[in-house]
Amino acid sequence: MPLFDQLDPQFRQLFGEEPALHIVSPGRVNLIGEHTDYNEGFVLPAAIDKAIYLSVGLRADDKLHFYAYDLDQTYTGSLDNIVQTNSWADYLLGVIQQFQSAGHLVGGLNVVFGGTIPVGGGLSSSAAIENGVGFALNELFACNFSRLDLVTISKRAENEFVGLQCGIMDMFASMMGKRNHAIRLDCRSLDYEYAPLDLNGVKIVLCDTRVKHT
């Protein structure tokens, strides 16, 4: 995929090797049910074709090295001292901490990531990052979490580590999205079903109002 053509050379430059894994984690749009996800109601989201792309590799030590390609910013730390940074790194660190809390001894990690989701545009770039890191950890360290488990891990990471009391819709739509379908989701029980979405020439237009959550 084209974005990996940019991320992988950066990964090789930083770490001197090829990434072990490529992850594409989509953003989402919500069609019905604004503000009902964190009130445990019904929502109708869908994954979209804008995504976070992650090139991920293992380390031989307990260090964590993340590079945000779009921001040209780096985070370095270690598994034995995961603390809040009040920056983008918290979305990755929170997920790693959740794996540790669940008793999984994950190792050091190299990550270079970038994306096509507009940051702060309401399309859930943060949930896409969390899901991407969780999916990578699950694969690399054979933790055997289901996709629904990973959704819950991402939500806890954002609630407990990042400190944003969001609902589960963003993570769920990103992880469980299906091509040409929306998801009818009960945010209380997590019961869901896929609803075919045949637009047949109709387009969904996303408008950035520039109005922030505050």
Side-chain angles (χ1 to χ4, degrees), residues 1-4 7 19 21-56 91-92 94-95 98-99 111 113-159 164 166-208:
M1 294 185 179
L3 196 54
F4 287 124
L7 301 182
L21 197 63
H22 287 141
I23 300 289
V24 181
S25 186
R28 68 97 190 98
V29 61
N30 188 33
L31 304 176
I32 301 174
E34 292 306 311
H35 308 296
T36 55
D37 67 323
Y38 51 82
N39 288 303
E40 299 187 332
F42 291 93
V43 290
L44 189 70
I48 60 176
D49 59 356
K50 297 184 184 301
I52 296 295
Y53 295 73
L54 304 96
S55 296
V56 186
Y91 296 108
L92 296 86
V95 174
Q98 287 296 326
F99 272 73
V111 181
F113 72 94
T116 56
I117 305 174
V119 176
L123 300 179
S124 301
S125 58
S126 60
I129 293 171
E130 290 157 347
N131 280 351
V133 173
F135 198 94
L137 292 173
N138 200 42
E139 291 291 312
L140 292 172
F141 298 102
C143 299
N144 295 317
F145 285 123
S146 69
R147 288 195 175 217
L148 283 176
D149 292 333
L150 295 175
V151 169
T152 303
I153 286 171
S154 290
K155 181 179 182 296
R156 286 203 304 263
E158 188 139 355
N159 293 165
L164 179 62
C166 62
I168 203 165
M169 175 184 67
D170 296 354
M171 300 83 178
F172 196 101
S174 173
M175 182 69 72
M176 305 297 290
K178 182 178 179 180
R179 183 181 296 274
N180 296 326
H181 287 75
I183 308 170
R184 180 186 180 276
L185 170 65
D186 183 340
C187 294
R188 176 169 295 181
S189 67
L190 298 190
D191 291 336
Y192 70 98
E193 59 182 303
Y194 290 107
L197 189 63
D198 182 4
L199 297 178
N200 192 27
V202 176
K203 293 184 178 181
I204 297 170
V205 178
L206 306 179
C207 299
D208 184 357

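Everything numeric in this text was worked out from a predicted model, so none of it was measured.
Side-chain atoms of Arg147 come within 3.5 Å of backbone N or O of Met175 as a donor-acceptor pair. Under the 3.5 Å distance criterion, the side-chain polar atoms of Ser154 are matched with a main-chain donor or acceptor of Leu150. No donor-acceptor pair under 3.5 Å is formed between the side chain of Asp191 and the backbone N or O of Asp186. Between the Ser174 side chain and the Pro26 main chain, a donor and an acceptor come within less than 3.5 Å of each other. Formation of a donor-acceptor pair under 3.5 Å by the Asn159 side chain with backbone atoms of Leu164 is found in this model. When atom types are taken as modelled, the side chain of Asn30 and the backbone of Ala46 share no donor-acceptor pair closer than 3.5 angstrom. Looking at Asp198, its side chain does come within 3.5 Å of a backbone N or O of Asn200 through a donor-acceptor pair. Between the side chain of Asp37 and the backbone N or O of Gly33 there is no donor-acceptor pair closer than 3.5 Å.
Leu7 and Phe113 make their closest contact through CD2-C, 4.0 Å (heavy atoms, listed as atom of the first residue, atom of the second, distance). In this structure, Arg28 and Ile48 approach most closely via the heavy-atom pair N-CG1, 3.8 Å. Closest approach of Thr116 to Asp49, counting heavy atoms only: OG1-O, 4.4 Å. Counting all heavy atoms, side chain and backbone alike, Arg179 lies closest to His181 at O-ND1, 2.8 Å. Closest approach of Ser125 and Ile117 over heavy atoms only: CB-CG2, 3.8 Å. Residue Ser126 comes nearest to Tyr91 through the heavy atom pair CB-CE2, 3.4 Å, listed as atom of the first residue, atom of the second, then distance.
Between the side chains of Asn131 and Ser25, no donor-acceptor pair is found at a separation under 3.5 Å. In this model, a donor atom of one side chain and an acceptor atom of the other lie less than 3.5 Å apart for Ser146 and Asp149.
Residues Tyr194 and Met176 form a side-chain contact, since some pair of their non-hydrogen atoms from C-beta on lies under 4.5 Å apart. Within the 4.5 Å cutoff, no side-chain heavy atoms of Pro19 are placed close to those of Val56. For the pair Phe42 and Arg184, the minimum side-chain heavy-atom distance is below 4.5 Å. Counting only heavy atoms from C-beta outward, the side chains of Ile183 and Leu44 never approach each other to under 4.5 Å. Side-chain atoms of Met169 and Ser124, non-hydrogen and from C-beta on, never get closer than 4.5 Å to each other.
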Next item on the list: Evaluate side chain to side chain contact (heavy atoms under 4.5 Å, CB included) for Cys187 paired with Val43, printing each intermediate quantity in order.
Entry: CA-CA 7 Å; Cys187 294; Val43 290; 3.7 Å; yes
Check: Going through the distances and angles, do Phe145 and Thr152 end up as a side chain to side chain contact (heavy atoms under 4.5 Å, CB included)?
Finding: CA-CA 10 Å; Phe145 285 123; Thr152 303; over 6 Å; no
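Here Leu140 contributes atom CG and Phe135 contributes atom CZ; the two are 10.5 Å apart, rounded to the nearest 0.5 Å. To the nearest 0.5 angstrom, Leu137 atom CG is 9.0 Å from Ile153 atom CD1.
The only member of Met171, Lys155, Arg156, Gln98 that meets side chain to side chain contact (heavy atoms under 4.5 Å, CB included) when paired with Glu130 is Met171.
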